[in-house]
Each structure stands twice: as C-alpha cells, then as structure tokens.
Number of protein chains: 2
Amino acid sequence: MSDDSATPDRAGRRDVLAEAAAELVLREGLGTMGLRGLARRLGTSDRMLIYYFGSKDTLVTGVLARIGEKLSVLLQAYSVGPPVSPGAFLGQVLALGRDPVVMPFMRVWTDVIARAAAGEAPYDMVAKKVVADWTAWIGTRLIPDPDRPCPPAALLSIVEGVTLLEMACPGSTTEAGPWLAEALMRADGRAAG
Amino acid sequence: MSDDSATPDRAGRRDVLAEAAAELVLREGLGTMGLRGLARRLGTSDRMLIYYFGSKDTLVTGVLARIGEKLSVLLQAYSVGPPVSPGAFLGQVLALGRDPVVMPFMRVWTDVIARAAAGEAPYDMVAKKVVADWTAWIGTRLIPDPDRPCPPAALLSIVEGVTLLEMACPGSTTEAGPWLAEALMRADGRAAG
DNA sequence: CCTTCCATGAAGCGAGTGCTACACTAGCGC
DNA sequence: GCGCTAGTGTAGCACTCGCTTCATGGAAGG
C-alpha cells in the first residue's frame, strides 16, 4: 500500500524534488540544507519535503546520492584514458578540480567529509561510502607499482586538503597544486629506480 | 571604567575560564562549544560566559587563540633543528601528528579550517590567520630551493587533507602518510637535478 | 451524490541557540 | 548604617531547527 509503486506520481515528484535540490546544493553548497530554507528555494514547503522524503536525513542522503551519480557520469568521460602514474593522476585531478563544471562537486564532497570529520549525521555515514568509492576509483586509474604501490588515500588526501584550504582561504593554494603534481611526477621518475 | 585593569579579578577569572575551555576543547573537540553545554562542563553558567567574554564569538576566538599559544610553545621544541627539505619536513610533521600530545591540536585546527570552509563565523576569520601563521612557520622550516621553491601551502594542504580524512574515516590514511613523505623525499633527491 | 484518499497549507510543538532583564547578595568606601 | 558596584542565579526573549497535527481542497471511484 505504502510502497512507491502504488503511487508512481509520488515517487516521480520526489525525484523531481531531489534533482532540483541536488542542482541547488551544487550551486550554493550544503549550507542551504535547512528544511525551511531549502523548501522555499525549491518552491515548496518543509511540510512537503518531510512528506516526500520521510526525514531530513533520508533527504540529505538521497540528494547526495544523486549528486554522486551526476559526478560519476562526468568522471566516466575522464576514465577512458589509460592508467597513469600517481603524479600524472594528481595533475589531471587538480586540473579537473579547476574546471567550473567539476568544481562544485569537489566543494560539496569536501564539505561532506568536513562535516563527517565533525561527527555530524548523516554525513559521517555518507563520507565513509564516498571515501571508499573514491579510493576504489583512484585505484583503477593508477598504474600498478609493485615496488612502492601508491595508496589511493594518499592522492585523495591531497585533493581534499587542497580543496579544503582553497575553500577556507581562497587563493592560498594556487601555487601548491602545480608544485605537488610536479613533485610527485619527479617521484614517479624515481619509482622504478 | 570598564577596562580590564580596573577589575583585575575579572580578567583573571576570564583567563581561568579560557584556559579550562581550551583544555576541554582539546579533549573533546569543537563540537562542545555551545554556551550552555560548555558552561555546564566548566562548572559555571552561560550567563557567566557572556558576562566575562561579551559574546560567544569573542569567547571562541579567545579560546582558539589560547590553544594556538599552547601549540606554538609545543612547536618551538621542534623548531630548533636546521631547516629541512619538503619531504623530510612532511615526514616530521606527519609523525608529529601521531603524537598523542600534538594530535588534539591537529584535530582542532583541521576542524576550524573545515568550519571556515563552510563559511561559519567566526571560524572563517580565525582560519585565515591560522593558515597565514602556519605557512609562515613552514616557510621558516624549509631549506630554500631557488629552482623549485616549495609553497608552504602545499605541505599544509597535505597535512590538512590527511588529518581530515583520518577524522572522517579513521584508519583510511595509515599507509598514505608514510608513502607521501617518502614520495616527496624522492622528489627532494631530484630537486637539484 | 457520496465516500475516500492523496496532496497541501497553516499553525504549532519541543528542543535548541545566543543573549538579556531583573533581582539579589556580598563586600567596600563613606 | 548607606549607597554603590561587582558577581551571579533565575527566568525569559526571540529566533531556528526538524517534525507533527489539524484542516481543507480536490480528484477518483462507487
């Protein structure tokens, strides 16, 4: 009776709301996720958000899942190339992070991880999955190095750190990104030796 | 009339409260900075915290400044050695970050920067100063490299990223830290070439 | 026409926030 | 003793938060 298939319009409307909320979060950040403010920006009411999603936590996880799907679609376009060295990968990802299409995603995920670090529910659970997914994806993008295998979390840490610092102090990392990529590429050249 | 010198006891009591709050934040994190909860843990009342500090923002900045002083005292013990290469520095700092005495400081500052990234006052202002101070300190700890000068923000990004990921997903960066330090040291070996 | 049920608005609840107004005590100078 | 002021407890304000209750409109089905 109360499952979605019995009321397809309801699931459809929820989907529309989730999509609109995802676009809004990508545009304005996670700071706008209060029920009343979010509802106002979406042209509905907090009452309706709870009606369709059941609770704010499921709304947040749903919206973040949708943002994740959007990003994975984007990333598939960058995964077609061959695996590369850690330094080259970092250079690619940091350049990607300056792409105005990808940048909002970086900011949202870094914000999610930052809230998870503060112990805020439900971001802590979401962050665990996100970190797992990303390390797995990074792992598939790296040339295996039997001598000194690069832990994907190492590259993820750099990307998160650069993004976080850039969000907190805009402009503070303009030189840091290129230097890091080049330093790792220098290390790449020594990886086999 | 209302300055501190006229009522030294008041300044003294404020100092005691700030010290106790700093210890508490180092122990339990910034999540405990609500006025009522903080006051309860300090054995006083929110009324008194406002009375002595004027507002929550000045209380927060005061407590964070005190934590900063504590850390700078700690760090002076590690600044007596000669300047080192970026890779060696990163190895030292990441090892330092696992020291149970220093770890609470790392977590607090990373939390501050994370809140600043979310645009939360007054952490945004504090973070700007913290990042400036740290990049300056890192700059004094690095061997100048005329060919490829290492931006201090690069190392700060790594430290922040590793700390953030470790807070969000404990255990996810156990291999990342050593690998990064070693990779940068490999790059150090190529810096002059 | 009448029922039934989905969708929605209006109002409100209870808890939380930073902060304030008021009353009171205790100690000090006159 | 009197007045003054610093310190502190109690209560409360105005607000936000996630969420609920009530009432209603309106369409579908008998």
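Throughout, a chain's letter reflects where its sequence line sits, starting with A, and its residues are numbered from 1. The figures here come from the full heavy-atom set of this structure, side chains too, leaving out hydrogens, waters and symmetry mates. Just so it is clear, the structure is predicted and the values come from calculations on it, not from any experiment.
- Here the P atom of nucleotide C/dG18 and the CE atom of B/M33 are 10 Å apart, to the nearest Å.
- Within the 4.0 Å cut-off from OP1 or OP2 of C/dG9, at least one side-chain nitrogen or oxygen of A/S45 is found.
- Residue-level contact check: A/F53 touches neither bases nor backbone, having no heavy atom under 4.0 Å from any strand.
- Geometric assessment of B/R13 against the ring of B/Y51 yields a negative cation-pi assignment under the 6.0 Å and 45° thresholds.
- Of the side-chain N and O atoms in A/Y52, one or more sit less than 4.0 angstrom from OP1 or OP2 of C/dT8.
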Study note, to complete from the structure: In B/S/- notation (B base, S sugar-phosphate only, - none; protein heavy atoms under 4.0 Å), nucleotides 19-24 of chain C written 5' to 3' is BBBB--
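- B/E166 has no carboxylate O lying under 4.0 Å from a charged side-chain N of B/R107, or vice versa, which leaves the two without a salt bridge.
- Contact check on B/D188 versus A/R186 returns no salt bridge, with no Lys/Arg side-chain nitrogen under 4.0 Å from an Asp/Glu carboxylate oxygen.
- A salt bridge does not link B/R40 with B/D46: none of the charged nitrogens is closer than 4.0 Å to a carboxylate oxygen.
- A/E120 places its CD atom 10 Å from the P atom of D/dG18, with the value rounded to the nearest Å.
- Distance CZ (A/R14) to P (C/dC6): 15 Å, rounded to an integer number of Å.
- The interatomic distance linking A/L59 (CG) with D/dC17 (P) rounds to 14 Å, in whole Å.
- At a threshold of 4.0 Å, the pair A/K70-A/E23 counts as salt-bridged, since one of the basic side-chain nitrogens sits closer than that to a carboxylate oxygen.
- The distance between atom CG of A/L42 and atom P of C/dG9, rounded to the nearest whole Å, is 13 Å.
- Distance A/L49 CG to D/dT20 C1': 15 Å, rounded to the nearest Å.
- In this structure, A/R40 places its CZ atom 17 Å from C1' of C/dA10, rounding to the nearest Å.
- Hydrophobic clustering (ILVMFWY, side-chain heavy atoms < 4.5 Å, transitive): B/F53 and B/L24 are in one cluster.
- Using a 4.0 Å cut-off, some side-chain N or O of A/Y51 falls inside it from OP1 or OP2 of C/dA7.
- Between A/L38 atom CG and D/dC19 atom C1' there is a gap of 15 Å when expressed in whole angstrom units.
- Under the 4.0 Å criterion applied to side-chain N and carboxylate O atoms, B/D133 and B/K129 are assigned as salt-bridge partners.
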